[in-house]
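Just so you know, ligand 1 is whichever comes first in the structure, and atom 1 is the first atom listed for that ligand.
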Amino acid sequence: MESATTVKSDTQSWIKPFLADSDRFVYDQFTDPTRDSLMRGKFPPTFAWGVATAAYQIEGAWDEDGKGPSIWDVYSHKEGNVYQNHNGDVACDSYHKIDEDVKMLKELKVSHYRFSLSWARILPDGTVKTVNQSGLTYYRNLIDRLLEANIQPMVTLYHWDLPQALQDAGGWENDTTIVHFNNYADLCFRELGDKVKLWITFNEPYEFIREGYETGCLAPGLEHQGTTVYRVAHNVIKAHAKAWHTYSNTYRERQNGYVGITLVSNWPIPASDSKTDIEATERFLQFMLGWFAHPILVNGDYPEIMKQDVLRKSREQGLTSSRLPTFSKNEKTLTKGTADFLGLNYYTTRRVRHAASPALPAGYMEDQDLKYWHDQDWPTSGASWLRPVPWGFRKLLHWIKERYGNPPLYITENGYCDSGADADKERQLSDNDRVKYYISHISELLKACRLDGVDVRGYMAWSLMDNFEWSDGYSYRFGLYHVDFDDQNRPRTAKTSAKVYSRIIQDNGFPEME
Ligand code: GBE
């Protein structure tokens with residue numbers, strides 16, 4: 001990697017309050033001149049700038065106008081699953097607030113808005129037996145208003161809210177869910193595809209599978225160690241591939257859109273220079289990102305390392321075959337190459353070291369023989385899992401370029417949370433820490449784009465506004481806009497970060513001063 005161009009000392013004045021002392025660096029902790037200097041310059045002229053949300057996190061209206069229950073309605077209504085038993089019954093009330101939401105998007109001057117469809121709002125029992133027209137109407141109205149404002153929709157089909165009726169039949173453990181997902185995707189392409197050109201099948205399968213089926217921290221809250229996650233992922237990958245083929249076979253020619261998938265990855269750095277720690281970072285990436293990226297982008301099959309490790313562990317456990325399922329030859333052919341673009345969510349970096357696990361219990365973590373953590377001197381956020389490490393973002397992008405042949409990329413999420421438990425609204429509006437996060441990460445993205453030749457087409461900030469942060473309820477705030485959840489009108493107020501982000505969008509980066 002080349003090093004970044006050095007920032008001129010005549011840094012634009014608006015940016016200065018957000019920089020560390022020397023005015024070349026954002027964080028006091030990261031001051032390596034070749035690695036951490038802010039890069040000035042512009043993104044390509046067609047670069048997509050946007051913000052992201054997800055249906056369950058913002059819509060509310062959980063049982064209105066014929067919507068069926070999703071696993072998140074059921075999970076959050078059960079005592080003890082979510083912080084202070086918060087739920088998304090009302091959330092940001094976006095189901096009733098298209099005007100307010102579009103107003104914010106226009107103020108920001110984004111070119112794109114990434115949101116998700118609630119499967120159970122469109123198909124109350126998950127199947128195409130009954131189509132809920134009011135659900136489709138809501139999304140049509142939103143999309144029409146976006147297009148009027150010259151904002152392109154980027155639509156996620158599945159952001160974690162499976163219809164409960166399908167969960168009752170086994171959810172993603174049951175391979176008939178693949179057929180139901182494909183029927184749902186087909187309906188959405190048919191009904192909305194004349195206006196939507198960017199589709200995302202799944203948001204972060206890694207998260208909803210790991211946390212939903214093994215740790216139990218996300219819906220449906222199951223704690224099945226060792227085998228279920230791999231079987232569920234197998235079905236999700238097949239469902240993705242099937243929906244991509246449906247688009248290609250039936251809609252692509254007429255609608256001219258693109259279908260991708262959004263994957264999340266941390267960047268791992270070795271705890272030491274030892275060979276075993278360095279190898280552990282490779283395992284970390286292959287188990288987190290490669291699990292999905294390798295079959296879809298490379299050859300229709302899991303990464304070799306993953307196949308070897310899970311097989312070896314399975315044998316040690318006395319099993320005759322691997323807990324990791326296998327793709328047939330035909331399935332490989334059907335899976336390979338099924339992403340027109342890769343959506344990437346990046347939040348943080350982890351320190352990783354080799355750590356052998358005993359043969360039992362069997363588990364996804366145990367299969368990897370490693371431990372990970374955050375360095376304690378890295379900057380903090382409102383959440384223990386999120387520490388800003390901007391340079392990890394560039395390294396991850398470079399790794400993806402090298403490993404997967406420089407696929408077209410959209411950053412579909414990147415963002416920072418502060419604590420929402422603190423009721424001090426004024427402090428929440430002056431969110432300088434979030435501004436630092438965005439400036440530093442967008443600068444690293446600019447390096448990836450301009451210096452490393454990564455084919456990045458756009459950037460979506462997470463999130464447009466504060467919203468229901470899954471099991472953490474409303475205790476973390478990720479928004480560019482503040483939402484007052486104590487007020488039944490859910491008023492939205494721009495934070496400092498909204499103004500700064502809009503400025504970056506209008507400048508298309510960080511241009512040098514004239
Ligand atoms: C994404 O997940 C999601 O796509 C988005 O919906 C979400 O709002 C956003 O990022 C912010 O989280 O006990 O602290 O380990 C961890 C990113 C909960 C990954 C944190 C939820 C990481 C998923 C619980 N995780 N997040 S614990």
Checklist entry - Which option, Gln57, Glu207, Arg210, owns the non-hydrogen atom nearest atom 21 (C) of ligand 1? => result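 Going through Gln57, Glu207, Arg210 one by one, Glu207 has the nearest heavy atom to atom 21 (C) of ligand 1.
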
The option among Trp470, Trp385, Phe468 carrying the non-hydrogen atom nearest to atom 26 (N) of ligand 1 is Trp385

Less than 6.0 Å separating the ring centroids of [X] and [Y]?
| X | Y | value |
| --- | --- | --- |
| Trp172 | Tyr213 | no |
| Tyr258 | Phe341 | no |
| Phe478 | Tyr416 | no |

Worksheet item: Heavy atom under 4.0 Å from ligand 1: found in Leu218's side chain, backbone, both, or neither?
Response: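 None of Leu218 does.
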
Given that the side chain starts at C-beta and the backbone is N, CA, C, O, which of these parts of Glu211 lies under 4.0 Å from ligand 1, counting heavy atoms, or is it both or neither?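 Neither part.
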
Does an N or O from [X], backbone or side chain, lie closer than 3.5 Å to an N or O of ligand 1?
| X | value |
| --- | --- |
| Ser384 | no |
| Glu204 | yes |
| Glu469 | yes |

Here the pair of heavy atoms bringing Tyr56 nearest to Ser76 is OH-OG, 2.9 Å

Set out, in order, the CA-CA distance, both residues' side-chain angles and the distance that settles side chain to side chain contact (heavy atoms under 4.5 Å, CB included) for Ser381 and Asp433, then state yes or no. CA-CA 8 Å; Ser381 78; Asp433 289 337; over 6 Å; no

Would you say [atom] has a protein heavy atom nearer than 4.0 Å?
| atom | result |
| --- | --- |
| atom 8 (O) of ligand 1 | yes |
| atom 2 (O) of ligand 1 | yes |
| atom 13 (O) of ligand 1 | no |

Closest to atom 5 (C) of ligand 1 among protein heavy atoms sits Glu413 OE1, 3.5 Å

Which of Thr493, Val51, Ile58, Leu480 passes side chain to side chain contact (heavy atoms under 4.5 Å, CB included) with Met465? Answer is Ile58

Exactly one of Asp431, Asn467, Asp466, Asp418 should register a side chain to side chain donor-acceptor pair (under 3.5 Å) with Arg477. Which one does?
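Exactly one pass, corresponding to Asp466.
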
